[in-house]
*Asks:* 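This is the structure I want to talk about, given as structure tokens.
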Amino acid sequence: MRIEMREGYEGTGPGAITPDGCAVELYSRLPVGEEPDIITAAVPAGARILELGSGVGRMTHPLLERGFTVTAVDDSAEMLERVRGARTICGPIENLDLGETFDVVLLASFLVHAGDVEVRRGLLRTCVRHVAAGGCVLIQREGEDFHANVPRERSEMGVPPAGGWGRGDPSGFTVRMVSAEPVGDGVDSVRAEYVFPDAVWTQTFLSRPLTKDQFEEALAEAGLKVDSYLTPDRIWVRAVAATVAEAETAD
């Protein structure tokens with residue numbers, strides 16, 4: 001079955017490709033990194049997490065192992081087929097309305113930089129709609145030189161094949177950010193390459209750079225406010241409902 005790509009998005013390489021250019025097999029191979037540790041340190045133990053854009057469960061599975069309850073949402077059924085141990089929901093994130101709230105809403109993978117402003121607004125409204133009173137929203141931003149420092153590349157070790165979460169690739173791979181070209185209205189077309197010994201994947205996607213001030217303005221428009229930047233590079237952010245943040249400031 002052929003999947004129609006979103007305008008401005010493209011993906012190449014072996015296996016299923018989602019409408020935004022993500023390759024299912026590629027994301028099954030990518031290592032977890034430090035993200036689960038950052039999340040664990042920022043939220044209460046055993047929290048109920050709504051993970052928006054979970055993909056194949058790269059972060060879902062480590063969070064489950066740390067004792068969290070996770071509801072994983074993605075618009076790709078092929079991605080969600082690889083998630084184990086979590087409740088899964090397939091559909092567009094920006095339209096999600098589950099009629100329930102969670103201790104933590106997680107919006108990772110730079111989704112807040114959606115090229116379409118209305119999509120970004122929808123994503124943030126979904127976060128607000130599903131975060132419980134006293135809960136928080138964790139957001140992953142792009143690095144501040146993400147669009148300027150191109151081309152660049154880095155080499156990483158692959159995922160060791162263990163634990164039942166995918167095949168793994170212990171041999172390592174190279175990630176190249178090839179280009180970030182303006183396409184109008186403050187949006188860039190970004191091209192990435194992932195080179196493994198046995199396969200190569202590419203992804204082209206639209207991304208809207210956001211300065212710290214622009215990011216905080218986008219949050220405020222949705223009724224959110226930065227509670228803290230969780231990492232020195234300000235890539236990971238904990239946000240709360242603006243009314244809660246303002247009340248705590250007043251106290």
Side-chain angles (χ1 to χ4, degrees), residues 3-11 16-24 27 49-56 58-60 71-80 88-99 101-102 104-131 136-144 146-147 177 179-192 202-226 234-237 239 241-242:
I3 297 177
E4 185 175 350
M5 302 300 295
R6 295 176 183 166
E7 185 176 356
Y9 293 76
E10 183 181 7
I17 306 290
T18 66
D20 59 357
C22 294
V24 176
Y27 278 84
I49 298 177
L50 177 64
E51 184 185 4
L52 303 176
S54 66
V56 298
R58 188 173 62 89
M59 285 191 284
T60 313
T71 295
V73 180
D74 203 276
D75 64 0
S76 167
E78 291 89 348
M79 289 282 195
L80 289 176
T88 60
I89 296 172
C90 186
I93 297 168
E94 59 268 29
N95 299 327
L96 186 71
D97 189 351
L98 299 179
T101 58
F102 298 79
V104 180
V105 179
L106 176 60
L107 187 68
S109 302
F110 313 136
L111 292 178
V112 74
H113 291 271
D116 187 328
V117 171
E118 288 306 314
V119 169
R120 183 189 71 205
R121 288 170 175 157
L123 295 173
L124 291 175
R125 284 194 295 265
T126 293
C127 292
V128 171
R129 190 159 49 239
H130 291 92
V131 67
C136 66
V137 179
L138 299 187
I139 301 172
Q140 185 183 23
R141 303 172 60 219
E142 293 174 342
E144 295 182 7
F146 185 85
H147 294 252
M177 301 305 298
S179 60
E181 299 293 338
V183 294
D185 190 34
V187 177
D188 288 347
S189 175
V190 180
R191 179 178 172 85
T202 72
Q203 183 183 10
T204 301
F205 57 95
L206 299 180
S207 177
R208 181 179 296 273
L210 296 171
T211 65
K212 177 176 175 289
D213 288 345
Q214 289 170 334
F215 168 72
E216 293 182 1
E217 287 169 7
L219 292 189
E221 181 185 38
L224 293 169
K225 185 172 182 177
V226 172
R234 295 198 292 266
I235 288 177
W236 278 93
V237 186

*Asks:* Can you list everything that forms a side-chain contact (heavy atoms from CB on, under 4.5 Å) with Glu181? Sequence neighbours excluded, please.
*Replies:* Ser179
*Asks:* Provide the closest heavy-atom pair for Cys90 versus Ala77 in the form atom of the first, atom of the second, distance.
*Replies:* SG-N, 3.7 Å
*Asks:* What is the distance from atom CD1 of Ile89 to atom CG of Leu80, rounded to the nearest 0.5 Å?
*Replies:* 9.5 Å
*Asks:* Can you check whether Leu210 reaches His113 side chain to side chain, under 4.5 Å on heavy atoms?
*Replies:* yes
*Asks:* Side-chain contact test, heavy atoms from C-beta onward, threshold under 4.5 Å: evaluate it for Leu138 versus Leu107 and give yes or no.
*Replies:* no
*Asks:* Taking the side chain as every heavy atom from C-beta outward, state whether Leu123 and Val112 have any pair of such atoms under 4.5 Å apart.
*Replies:* no
*Asks:* So, the side chain of Asp188 versus the backbone of Ser207: is there a donor-acceptor pair under 3.5 Å, distance only?
*Replies:* no
*Asks:* List the atom of Gly91, the atom of Val73, and the distance in Å for their closest heavy-atom pair.
*Replies:* O-CG1, 4.2 Å
*Asks:* Looking at every non-hydrogen atom in both residues, tell me the closest pair between Asp74 and Gly55 and how far apart they are.
*Replies:* OD2-N, 2.8 Å
*Asks:* Below 4.5 Å, heavy atoms only, C-beta onward: do Gln203 and Glu10 meet side chain to side chain?
*Replies:* no
*Asks:* Holding to salt bridge (Lys or Arg N to Asp or Glu O under 4.0 Å), I want the full list of residues that pass it with Glu217, two or more places apart in sequence or in another chain.
*Replies:* none
*Asks:* Can you list everything that forms a salt bridge (Lys or Arg N to Asp or Glu O under 4.0 Å) with Arg208? Sequence neighbours excluded, please.
*Replies:* Asp185
*Asks:* Who pairs with Arg121 by salt bridge (Lys or Arg N to Asp or Glu O under 4.0 Å), at least two apart in sequence or on another chain?
*Replies:* Glu118, Glu221
*Asks:* Compare every heavy atom of Ala192 with every heavy atom of Met177, then report the nearest pair and how far apart it is.
*Replies:* SD-CB, 3.8 Å
*Asks:* Taking only residues two or more places apart in sequence or in another chain, which ones pass side-chain contact (heavy atoms from CB on, under 4.5 Å) with Ser109?
*Replies:* Leu111
*Asks:* So, for Ile17 and Ala23, which heavy atoms are closest and what is the spacing to 0.1 Å?
*Replies:* CD1-CB, 3.6 Å
*Asks:* Roughly how far, to the nearest 0.5 Å, is the CD atom of Glu51 from the CG atom of Leu106?
*Replies:* 5.5 Å
*Asks:* Using the rule given for side chain to side chain contact (heavy atoms under 4.5 Å, CB included), can you reason through Leu224 versus Val128, listing the C-alpha separation, both sets of side-chain angles and the distance that settles it, and then say yes or no?
*Replies:* CA-CA 7 Å; Leu224 293 169; Val128 171; 3.6 Å; yes
*Asks:* Using the side-chain contact (heavy atoms from CB on, under 4.5 Å) criterion, which residues pair with Glu7? Sequence neighbours excluded.
*Replies:* none
*Asks:* Just by distance, do the side chain of Arg129 and the backbone of Leu96 share a donor-acceptor pair under 3.5 Å?
*Replies:* yes
*Asks:* Please check: side-chain N/O of His130 versus main-chain N/O of Val105, any donor-acceptor pairing under 3.5 Å?
*Replies:* no
*Asks:* Which residues pass the salt bridge (Lys or Arg N to Asp or Glu O under 4.0 Å) test with Glu144, not counting sequence neighbours?
*Replies:* Arg234
*Asks:* In Å and rounded to the nearest 0.5 Å, what is the OG1 to CG distance from Thr71 to Leu50?
*Replies:* 6.0 Å
*Asks:* If I compare all heavy atoms of Met5 with all of Gly11, which pair ends up nearest, and what's the gap?
*Replies:* CE-N, 3.8 Å
*Asks:* Between Arg191 and Phe205, is a side chain to side chain contact (heavy atoms under 4.5 Å, CB included) present by the stated rule, with each step listed?
*Replies:* CA-CA 7 Å; Arg191 179 178 172 85; Phe205 57 95; over 6 Å; no
*Asks:* Can His147 and Val190 be said to form a side chain to side chain contact (heavy atoms under 4.5 Å, CB included), step by step?
*Replies:* CA-CA 8 Å; His147 294 252; Val190 180; 3.9 Å; yes
*Asks:* Please enumerate all residues that pass ring-ring contact (aromatic ring centres under 6.0 Å, His included) together with Phe102, with sequence neighbours excluded.
*Replies:* none
*Asks:* Applying side-chain contact (heavy atoms from CB on, under 4.5 Å), name anything that partners Asp20, two or more places apart in sequence or on another chain.
*Replies:* Arg6, Tyr9, Thr18, Cys22
*Asks:* Taking atom CZ of Phe110 and atom CD of Gln140, what is their separation to the nearest 0.5 Å?
*Replies:* 4.5 Å
*Asks:* Applying side chain to side chain donor-acceptor pair (under 3.5 Å), name anything that partners Ser76, two or more places apart in sequence or on another chain.
*Replies:* Glu78
*Asks:* Under the rule for ring-ring contact (aromatic ring centres under 6.0 Å, His included), what residues qualify as partners of Phe215, not counting sequence neighbours?
*Replies:* none
*Asks:* Per the side-chain hydrogen bond (donor to acceptor under 3.5 Å, both in side chains) rule, what does the pair list look like for residues 88-97, sequence neighbours excluded?
*Replies:* none
*Asks:* Distance from Asp75 atom CG to Leu52 atom CG, nearest 0.5 Å?
*Replies:* 11.5 Å
*Asks:* Any side-chain heavy-atom pair from Thr204 and Ser189 closer than 4.5 angstrom?
*Replies:* yes
